[in-house]
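Notes to accompany the following structure.
So that the names make sense, note that chain A is the first sequence line, chain B the second, and so on, each numbered from 1.
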2 protein chains.
Amino acid sequence: MPSLEVCFSPHLLALHTLSHKAVVAVDILRATSCMVTAIACGVEKILPLQDTEICKAMKAQGYLIAAERDGKQIEGFDLGNSPFSYMNLAGKKIAFTTTNGTQVIKLSENAEKIIIGAFLNLTAVADYLAKEQKDVLIACAGWKGQVNVEDTLFAGALVAKLVQKGFVIANDSALLAKSLYETHKNHLLDFVNLCSHVQRLKNLGIQKDIEFCLQKDVYAVVPVLEDGEIIRYEL
Amino acid sequence: MPSLEVCFSPHLLALHTLSHKAVVAVDILRATSCMVTAIACGVEKILPLQDTEICKAMKAQGYLIAAERDGKQIEGFDLGNSPFSYMNLAGKKIAFTTTNGTQVIKLSENAEKIIIGAFLNLTAVADYLAKEQKDVLIACAGWKGQVNVEDTLFAGALVAKLVQKGFVIANDSALLAKSLYETHKNHLLDFVNLCSHVQRLKNLGIQKDIEFCLQKDVYAVVPVLEDGEIIRYEL
């Protein structure tokens, strides 16, 4: 059966062999939640970028440009990092750079597949992975390299689903994430509200975003990276 | 009140400022459990080293030499990594190198204080830190950079004790570790036995060591690093 690993931080990704794996990129608050929302709501494609200047330059090529640093939209960009901003952009192309989420996608580029995971598309991601039957690495973006609660809980939720589908836990981080999810699954918001990153985001007035991003299975889509851009996988 | 952080892997240590902190070095299976046992049983001092050749050369200076790699004692050394080997060495000096534990001590050398933590001296460590009133970082050795279950559970046990003494949780890893410990505190051995590192160690026939290392408060000592060597802190 395929194996299942979790990586809690981009700084630990180099410890994993990616070449034969499906990597699930995770940044629950809020990059991958935005990407799932955008693709589910009809955005044609998303170009993930690390550099804000390169991102800005994509405007000339017909992209909407989206940039977040430290939880805030950067001035001069069309979009920030709230999922509610990505619900009415059907047919558009978006160039997107964020503090953590787009970095973890870049660092995973040696993987055989890269898909975008969030609570919003949890079951769709699990179904996709069960169909592919590749070894899986769930790559948490964290917050500036540090482990965070919300990405860890999502990793645990996905591990719990995949174990039921026969995947075999292959590192301790997967075991720890699953246990944490099972402890807190009926009160995710309460637990996430304790955490440092959320305290920071709350100061930015995004409690509504946080509540939205912790909802499971709002969308039945799987965004996948193809030739450097994120598109909708047709199940 | 002093702050409390956990670091799950030596690869994440660079994200933390250490200069004003007390760092608790943790490698439950088995380096720090051995060090606590040795110091409790009267060993005069322990010299932690990264390099096996440098360690070997200390023999000429009257040290017993101890070396473990991949869970096994290296040939030509006096001691390996079983706590039972460290119970009858009163008055001796030991030069010690291990896969993970001695590395995390080396990486923490900018800290204001470095102390050695294990389940075996949990309460003594908590009491020492409460007396010192410095900001605390619990630095888990992990397994070759990867997060492991047993170090995370110990970190959670220490966080739980220090929160009761008024310390303030300052990163998500501390929150996650505390939750994991509280979920599993009444069946630590069962949970640790699930993990990958332990499966590896079991193949080496050290189940007795694992059971010993998960016992709380066997020894009321705090080993501290002074001038590069680990000695007994006199409370």
Discussion item. Counting C-beta onward and ignoring hydrogens, is there a side-chain heavy-atom pair between A:Leu175 and B:Phe191 closer than 4.5 Å?
Written reply: yes
Worksheet item: For B:Lys216, does the NZ atom sit with more than 12 other heavy atoms under 6.0 Å from it, leaving out its own atoms?
Response: yes
Worksheet item: Closest heavy-atom contact between B:Val147 and A:Asp172?
Response: O-CB, 3.5 Å
Discussion item. Just verifying a value: how many Å separate A:Leu194 CG and B:Ser179 OG, rounded to the nearest 0.5 Å?
Written reply: 9.5 Å
Worksheet entry | Top of A:Leu180, A:Val6, A:Thr152 for chain B proximity - count of heavy-atom pairs under 4.5 angstrom | A:Leu180
Practice prompt. Could you check which of B:Glu182, B:Gln146, B:His184 has the highest count of heavy-atom pairs closer than 4.5 Å to chain A?
Written response: B:Gln146
Item to complete: Hey, could you give me the CG/CG distance between B:Leu153 and A:Leu176, rounded to the nearest 0.5 Å?
Response: 7.0 Å
Fill in: Residues in salt bridge (charged side-chain N to carboxylate O under 4.0 Å, His left out) contact with B:Asp70, at least two apart in sequence or another chain
B:Lys144
Item to complete: Might you point out which heavy atoms bring B:Ser9 and A:Leu12 nearest each other, and give the distance in Å?
Response: OG-CD2, 3.4 Å
